[in-house]
Protein chains: 2
Amino acid sequence: MGTGMTPTPLANPPLPQGPGEELRRLVASLLVVRCSGYLSDPQRRYPRWELDNATLQRLLAAGVGGVILLGGSAAEVRLRTRQLEAWASTDLLLCADVEEGVGQRFEGASWLVPPLALGRLHAEDPAAAVALAERYGRCTGREARALGLNWVLGPVCDVNNNPANPVINVRAWAEDPGPAGALASAFLRGAQAEGVLCCAKHFPGHGDTSTDSHLELPVLPHSRERLEAVELPPFREAIAAGVASVMTAHLLLPALDPVHPATLSPAVLTGLLRRDLAFEGLVVTDALVMEAIAARHGAGEAAVLALEAGADLVLMPADADAALEAIVAAVETGRLPRQRLQASAERRQRALAQTKASQPTAPITHAAAEPLGALSNGPIPEDRALALELVDRSLRHQGGRLVPPAAGGINLVRLDGALGCAFLPAGAPSLAWTTAAGLRTVLLDGTSPSPWQTTSGTAAGDDPLDLERLGQGPVLLQLFVRGNPFRGSAGGQEPWPAVIRQLQAAGRLAGLAVYGSPYLWESLRPLLAEGIPAAWSPGQMPLAQARVLATLGLEPAAAALPPIASGSPTPAKPTATASSTGQLGGAAPREFTD
Amino acid sequence: MGTGMTPTPLANPPLPQGPGEELRRLVASLLVVRCSGYLSDPQRRYPRWELDNATLQRLLAAGVGGVILLGGSAAEVRLRTRQLEAWASTDLLLCADVEEGVGQRFEGASWLVPPLALGRLHAEDPAAAVALAERYGRCTGREARALGLNWVLGPVCDVNNNPANPVINVRAWAEDPGPAGALASAFLRGAQAEGVLCCAKHFPGHGDTSTDSHLELPVLPHSRERLEAVELPPFREAIAAGVASVMTAHLLLPALDPVHPATLSPAVLTGLLRRDLAFEGLVVTDALVMEAIAARHGAGEAAVLALEAGADLVLMPADADAALEAIVAAVETGRLPRQRLQASAERRQRALAQTKASQPTAPITHAAAEPLGALSNGPIPEDRALALELVDRSLRHQGGRLVPPAAGGINLVRLDGALGCAFLPAGAPSLAWTTAAGLRTVLLDGTSPSPWQTTSGTAAGDDPLDLERLGQGPVLLQLFVRGNPFRGSAGGQEPWPAVIRQLQAAGRLAGLAVYGSPYLWESLRPLLAEGIPAAWSPGQMPLAQARVLATLGLEPAAAALPPIASGSPTPAKPTATASSTGQLGGAAPREFTD
């Protein structure tokens, strides 16, 4: 990777002829490589994993059959998928991890609350939750297709019955098998009806792990009976609902296979998934570059082992060329039967045919305003309404309305990382509205100087926060905490319960907003004095911030609204319900022109 | 602004007929409104200033003649400018503040060191500096045109003779009138040769102010003689070099006009610029929404006053409709002669004709790799080489090579704001390379908990940093400090000299990197012990970080390089000189797929 200063366009190399070449193209069609959604090489955020354009062109010309995309706005990704198709020599599977709406990954599309929000709603109103999950799927499928994607890497079918799960958490639809299966199936019915393929993951179930398979190999010590009772039912239901693909988990299940992680286990993929669950669709590995696999096997051997175990498609091999060579060699030496790969290629063709046959029921077109195509002025009204309804139905609150302090105060915000933070663009309500209300923001992330009392910089004791260092006045505490891949935890280690007690004892807790983890909310809410304004949204995006803060009694800053001159037509007045991003005139005055 | 949930596309309203309509279209053609470079309304970062698409469509249909863009990647802006042209009913002036390369504003294009870098080089090698300034202009003009822009809002012709200037600073080409004029003129010759218009700003000179006109109205107390000696020469030289437009400054010059700021002053615009300097091109105001103007006059009156004073074009009126109505009324009541506006419209037409007549000398085409058009795989090799040469020629260093500490240490980074920070994308060398070298990053911005010793949270005394709170080990100090609009200061208040002394006394200063301000570098360098590795770049972008850190002895992390399997073709090895972003396999492993 890394073409450097001389990105000389590679002419497609001449294709070798003969049966060897045919085998290579067969193998290549089963690889899914990763690229950036941004067009140019220098814009790649993760050049270690994202192929440069010259390599991408070469591999697609050689018959590579799938690409997973990350990064870029909706407009840019529409261009990118067209470019990939132009470079390809076969029909492509084009996929992305758009589990929480396409806008979770590609700005300009709908960003929805995480699935677990509907699991919570399901306990109160199952029919409403299932109906919303299906609309969630329709929105996701419709927008994915509008960007040129044909494969949604969801729904998560894991049952999040371990609140400490660092990697699944709110990405799961529910904490019990029944609702998880019902909601995941509703999602996939909705999405597949819009003409994309879905992917049930992470087989046979990643919900009860407390380590992150991106970092190491988790072990699931359960018996087959327990798996039948808890982990497998959502997958069975997704398969019954016609899910087009299943993604394997990088975890060890000693009861099924004491040696191989599920991704590489014939017992799990062929024995359990193909035979016992009778799944006839596409089996795709999770990313083979993940440490749980990559650290144990070479790029080539991991791919061979996955296909041997029963996978059809190999996602993000650590080195696509090495995977291709190793698989070809395994066929040529007789280790891997060619028919196995042909069967996989046929499943792939059937899946592609399925996307072409289906007619989306609600094509995104509002041509007058959008000469540049679908989504060029953001989500359609139906999807904006869905995003808002999901936020409002999942929001929980207590207490009264926050009174903005006359003499200033502090907006104390905890998040994973401020750099590149997608949910805090300029004008994000959690910063702009509070600034307008006279609060000074103090932002804590993993790189901040310690805000804690002890000189060693870690919190301890009953009064963990160094309040004097933070400054004077009442404190609005906003916690953006949830499980996230690569973080290694679900955010539960910091002493927020003690902070709540400390701020209340000092008479300084103005309010609390929790964005993300229901478990954190549930641990803090019982500690709150009755009148303290507090709310939780499972979502972290600007729209969730706007609705949470509106619930707490804050408003978009009047000063941030556009001036209305007497002689001018009155512009539509922005309201807190109006935008899918929640950026409603609340922009901080950071920059207009120089 | 703010279309909200029902972005019903507005059909273009039927155009009223008759002479009144003709006047309205004449007036509209002289307005330059602001929009986001992103396509969709919800993606706007500054909805207070950026028109929503429905309003934009309406105004362009009504004859508005110019648009200034901010935000969005190069690929998205190419789509956006096409969209604006489709909506327009007249030829458009499409402009952006791309003073430091088009990539400063639009990711995917070239991001160059700030102009003052060449002012410093000019003192040593005037011919090389002038030649680089012209290539700087060619690069900027070429890439602006590739994105569909035809008007570059540069060069800054201000003489930055006040190191405390919070808003001009490194944006100026030099600190003396001679080099400033020579370099600015070389830039504009290069850019205009590529078929775009340039804009000399901020007339009659904004270099000797210590307040930010974005926030309040600065006063320049100099005599006409002093202006002739210092402020005016670069503008005279730019005019002699054929600059197509001049932008006015929002500042008060009592010697010329004790009442009106330059933007609204007949004495400055008509008397000095048109008559004395004989400028016959376009005079454009700086953004009328800026506080120095907006707080004193209404949106309509400010526009009328600017035209009365002698401006041709009104940039970013606080309310375009109000400006239109007020100007029309001023003509109808005889306050503003219609011929004045017609002369402005003719100048505008001549300028547009100039862009159409010119043939760019080096069209950006590498069709094979870029089926999606210019810049779709980033800057052309010539411009990548320029970006690197500019960084390398302006870099200064002292001391030896940094020895990565065996037992960890701290990468202490100071910057204006981490949220939305364009120069710290994932993989930015100042974070990724240091992490790979075993340093833990502590990020300080305006929202961090105080890192200072005193409990009041502000630094004082000889040992300002609270070292115990920061943690153990040697400290690499990286300071991203420069004058920036809206910050209100040039970053000179914090006690970095005392920090240098403190860290050296404790034997903990591993190295120093300064990105941006030459003044900060010059204040710290004399304090450094001889062997301490230290370097300064005027640039803050990833490429500057890569070169500074390479100078200090750091390297891209080997672990971040792509795996090379024996059977696979060897990919081109990334080098620190290779990428215009400096993202050379140094990505932090934050995310690949879920």
Side-chain angles (χ1 to χ4, degrees), chain A residues 1-2 4-5 9 39-40 42-43 45-49 53 75-76 79 86 97 108 287 299 318-319 321-322 325 368-369 371-372 376-378 384 418-419 424 426 441 443 447-451 455 468-469 485-486 560 562-563 565 567-568 571-572 574 578-581 585 587 592-594, chain B residues 1-2 4-5 9 39-40 42-43 45-49 53 75-76 79 86 97 108 287 299 318-319 321-322 325 368-369 371-372 376-378 384 418-419 424 426 441 443 447-451 455 468-469 485-486 560 562-563 565 567-568 571 574 578-581 585 587 590 592-594:
Chain A
M1 313 191 195
M5 292 210 46
L39 292 182
S40 79
Q43 287 174 281
R45 297 300 191 265
Y46 305 98
R48 181 175 171 185
W49 298 299
N53 283 328
E76 188 138 11
L79 296 172
D97 273 316
D319 180 319
D321 289 293
E325 299 301 333
L372 299 177
S376 69
N377 201 15
R384 293 191 195 207
L419 291 170
L424 292 182
T441 293
L443 219 58
T447 66
S448 303
S450 165
T455 51
E468 248 190 297
R469 186 165 288 269
F486 290 104
S568 72
S579 155
S580 73
T581 70
F592 34 77
T593 178
D594 299 346
Chain B
M1 313 193 193
M5 293 208 48
L39 293 182
S40 79
Q43 287 174 282
R45 297 299 192 267
Y46 305 98
R48 181 176 172 186
W49 297 298
N53 283 328
E76 188 140 10
L79 296 173
D97 274 313
D319 179 320
D321 289 293
E325 299 301 333
L372 298 178
S376 69
N377 202 16
R384 293 190 195 207
L419 291 170
L424 293 181
T441 293
L443 218 58
T447 67
S448 304
S450 165
T455 51
E468 249 189 296
R469 185 163 289 266
F486 291 103
S568 73
S579 154
S580 73
T581 70
R590 284 217 296 235
F592 32 80
T593 178
D594 299 343

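Letters go in sequence order (proteins before strands), and every chain restarts at 1.
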For A/Thr447, enumerate each residue passing the side-chain contact (heavy atoms from CB on, under 4.5 Å) test, keeping only those at least two apart in sequence or located in another chain. A/Asp445, B/Thr441, B/Leu443
Measuring from B/Leu424:CG to A/Leu419:CG, what's the distance to the nearest 0.5 Å? 5.5 Å
What distance separates A/Gln43 CD from B/Ser376 OG, expressed to the nearest 0.5 Å? 10.0 Å
For A/Arg469 against B/Pro451, the heavy-atom pair lying closest together: NH1-C, 4.0 Å
Minimal non-hydrogen separation, A/Ser40 against B/Gly378, with atom names: CB-N, 3.2 Å
